[in-house]
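Scope of the values below: all heavy atoms of this structure, side chains included, with no hydrogens, waters or symmetry mates.
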Amino acid sequence: MHTNEQFIKALNRKKEEAFQMLFKDYYASLVMYAMHYVRQEVAEDIVQDLMTLLWEKDT
């Protein structure tokens with residue numbers, strides 16, 4: 001991926017590589033953020049649900 005625009009387009013086209021990058025780059029940070037409000041197991045579930053929603057969302 002070269003630009004943010006290309007990355008977003010790849011996500012919208014359901015390119016697995018783009019989703020893997022998104023997950024790799026943001027999963028841990030999102031879990032850490034959520035842990036300010038809920039325990040770790042719940043935070044992980046919330047972030048996994050969010051990632052699933054992003055993957056399954058129609059463009």
**Study point:** Transitive ILVMFWY side-chain link Y33 to L54, under 4.5 Å
**Key:** no

Check your understanding: Is M32 close to M35 at the side-chain level, that is, under 4.5 Å between some pair of heavy atoms?
Key -> yes

**Study point:** K14 side, atom NZ; W55 side, atom CH2 - distance, nearest 0.5 Å
**Key:** 6.5 Å

**Study point:** E17 CD to F7 CZ distance, which is reported to the nearest 0.5 Å
**Key:** 9.5 Å

Check your understanding: Which of these, L50, L22, V47, sits in a side-chain contact (heavy atoms from CB on, under 4.5 Å) with Y27?
Key -> V47

Practice item. Give a yes or no answer on whether the side chain of Q6 reaches the backbone of T3 with a donor-acceptor pair at less than 3.5 Å. Key: yes

Practice item. State, without any angle test, whether Q48 and E44 hold a side-chain donor-acceptor pair at a distance under 3.5 Å. Key: no

Check your understanding: Is E41 paired with R39 through a side-chain N to carboxylate O contact shorter than 4.0 Å?
Key -> yes

Practice item. Enter the distance from I46:CD1 to Y37:OH here, rounded to the nearest 0.5 Å. Key: 11.5 Å

**Study point:** M21 side chain reached by L11 side chain, heavy atoms, under 4.5 Å
**Key:** no

Review point. How about E5 and I8: do any of their side-chain heavy atoms sit closer than 4.5 Å?
Key: no

Check your understanding: For Y26, what residues pass the ring-ring contact (aromatic ring centres under 6.0 Å, His included) criterion, not counting sequence neighbours?
Key -> none

Study note, to complete from the structure: In this structure, NZ of K15 is separated from NZ of K9 (nearest 0.5 Å) by 13.0 Å

